[in-house]
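Letters go in sequence order (proteins before strands), and every chain restarts at 1. Note that this is a predicted model, so its numbers are computed, not measured.
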Number of protein chains: 2
Amino acid sequence: MMHATQSVQTITRKSLHHELVDRLQTLIINAELAPGSKVPEKVLCDQFGVSRTPLREALKVLASDGLVRLEPNRGAWVTQVTEEEVEEVFPVLGALEALSGELACKHITDPEIEEVRALHDQMMQSYENRDLDAYFSINQKIHRAILLAARNRTLTTSCQALSLRMQRARYLANMTEGRWYDAVQEHEKILEFLIARDGANLASTLLQHMDAKRASVVKWLQTREAATDVQ
Amino acid sequence: MMHATQSVQTITRKSLHHELVDRLQTLIINAELAPGSKVPEKVLCDQFGVSRTPLREALKVLASDGLVRLEPNRGAWVTQVTEEEVEEVFPVLGALEALSGELACKHITDPEIEEVRALHDQMMQSYENRDLDAYFSINQKIHRAILLAARNRTLTTSCQALSLRMQRARYLANMTEGRWYDAVQEHEKILEFLIARDGANLASTLLQHMDAKRASVVKWLQTREAATDVQ
DNA sequence: CAGCGTAATTTTGAATTCATAATTAAGTCA
DNA sequence: TGACTTAATTATGAATTCAAAATTACGCTG
């Protein structure tokens, strides 16, 4: 039985609101706060052992990032990942990842490339083992490593904010066997172009990769929507 | 004489914090809150006739947008536009504007094109009159019109957030006669490609336009920095 | 007992209060 | 006078309080 979890111990790191932004993000991404549901202010205050003030500050920030929606006098609601939103966010994310690829080729060091190669190999292992959770986790690390190699903090921040919004959907989206295979092929090319420091080709591969992801997520959302309609 | 300004009348629109985000953004962009200066919490509360709670909520949001920096136990400070930041933000803005151009060509209607053309003509008039303020203002409207024609709210939001951060710098940056001429030429091409609905060329022109702006702003910052050093 | 209107309760938004950290001012000693 | 210490003041971060709005519960009417 679980006992004395993190919920009990008081938060002290930097500022309360900053810590709370992180924690709430995690709760939302892991769907522990379900999409479309109301954010239970009081419950969370009790859970985190904080007053409403810093919690509400955090909610304002999350709202500006699009993770929650504030309804006047009705509180905060966890946003849904809609098809419309996916169709909007992925193209933007594609443009940013393409840029990150281009910049990464200019700035990445040999040890950093080695790091990506190692992650890539690990990811392939996860693919062989059909371990989707591990695959997703490593996949994200690869994209993040390229992003960091781009040496542009603004780009990193923007990308991550949008990524977060999609992460819920991507996490839930079971890829088809065919899509998974294609994604793996795309990643082979990504690694190849990164090693060659071929910015233009890496950029266009990443763009294409994102567009394929978009299509995959949309397809899954449509399936689910149809299922919900029948239900 | 001005009297009974906005500062007196109480704020009521939507939520206080949202209104305050807008107002503070304006103050920062117009440098009424000087870059590098401390955000005077109490003064602003008095000015707006609100308590510290909603003001501080707004500051958290502005901090996540990079307009202010929160120092633990030392309050909020208006961020400076540094050369480093400009070198980071403009490439990202370039990628996003390029995307907006591409999408705009797909979705823009004839009346919308007419609107841009009208703005363009107005801007040329401002150029002839050497009215920099009017030029900047119309310039922004053109970029915004293209952005809206892209039909992607996420893109709009992302672009505007980054634009805001640069606006202070751009507003202050006096263009050289030569740069101004070049910018006008670029805008001629932008209009041309938009009318032709030539997405690829519009995208690359906008990208180039942004890079030129970046260079111009950096140059100006360096001049100013040198001046400050001597001072 | 279904539908409507009213009262009690809960929740929200924002002001106020309070403890603590940071800054400023005052006082001490060389 | 000028550096250093310590006390007073102020500002910050967060909890608490309070008024207003929304939700729920209750009772009335047909």
>> Does any part of the side chain of B/Arg168, heavy atoms only, come nearer than 4.5 Å to the side chain of B/Leu67, both counted from C-beta?
In response: yes
> Relative to the 5' end of DNA chain D, which residue comes earlier, A/Arg52 or B/Arg52, by the nucleotide with the nearest heavy atom?
Replying inline: B/Arg52
> Side chains of B/Val81 and B/Val89: closer than 4.5 Å at any heavy-atom pair?
Replying inline: no
> For B/Asp46 and C/dA15, what is the distance between atoms CG and P respectively, to the nearest whole Å?
Replying inline: 12 Å
> Are a donor atom and an acceptor atom from the side chains of B/Glu112 and B/Thr109 found within less than 3.5 Å of each other?
Replying inline: yes
>> OP1 or OP2 of D/dT12 versus the side-chain N and O atoms of B/Lys38: is any pair under 4.0 Å?
In response: yes
> For B/Arg179, what residues pass the side-chain hydrogen bond (donor to acceptor under 3.5 Å, both in side chains) criterion, not counting sequence neighbours?
Replying inline: B/Glu186
> Just how far, in rounded Å, is P of D/dT12 from CD of B/Glu57?
Replying inline: 17 Å
> Rounded to the nearest Å, what distance is computed from the CD atom of residue B/Glu41 to the P atom of nucleotide D/dT10?
Replying inline: 16 Å
> What side chain to side chain donor-acceptor pair (under 3.5 Å) pairs are there with at least one residue in residues 96-106 of chain B, not counting sequence neighbours?
Replying inline: B/Glu97-B/His143
>> Under 4.0 Å, heavy atom to any atom of DNA chain C: which of residues 71-80 of chain B qualify?
In response: B/Asn73, B/Arg74
>> If I take atom CG in residue A/Leu59 and atom P in nucleotide C/dG13, what distance separates them, rounded to the nearest angstrom?
In response: 9 Å
>> Nearest whole Å is fine: how far is C/dG13 C1' from B/Phe48 CZ?
In response: 19 Å
> Just how far, in rounded Å, is C1' of C/dG13 from CG of B/Leu20?
Replying inline: 13 Å
>> Please confirm whether the shortest side-chain N or O distance from A/Arg56 to OP1 or OP2 of C/dG13 is below 4.0 Å.
In response: yes
>> Any non-hydrogen side-chain atom of B/Asp65 less than 4.5 Å from a side-chain atom of B/Arg165?
In response: no
>> I need the CG-C1' distance between A/Leu55 and C/dG13, as an integer number of Å.
In response: 14 Å
> When A/Ile146 is tested against each of A/Leu194, A/Leu103, A/Ile108 for side-chain contact (heavy atoms from CB on, under 4.5 Å), which residue passes?
Replying inline: A/Leu194
> Quick one: B/Leu16 CG to C/dA14 C1', roughly how many Å, whole number?
Replying inline: 7 Å
>> Does a side-chain N or O of B/Thr53 approach OP1 or OP2 of C/dA14 to a distance below 4.0 Å, or not?
In response: no
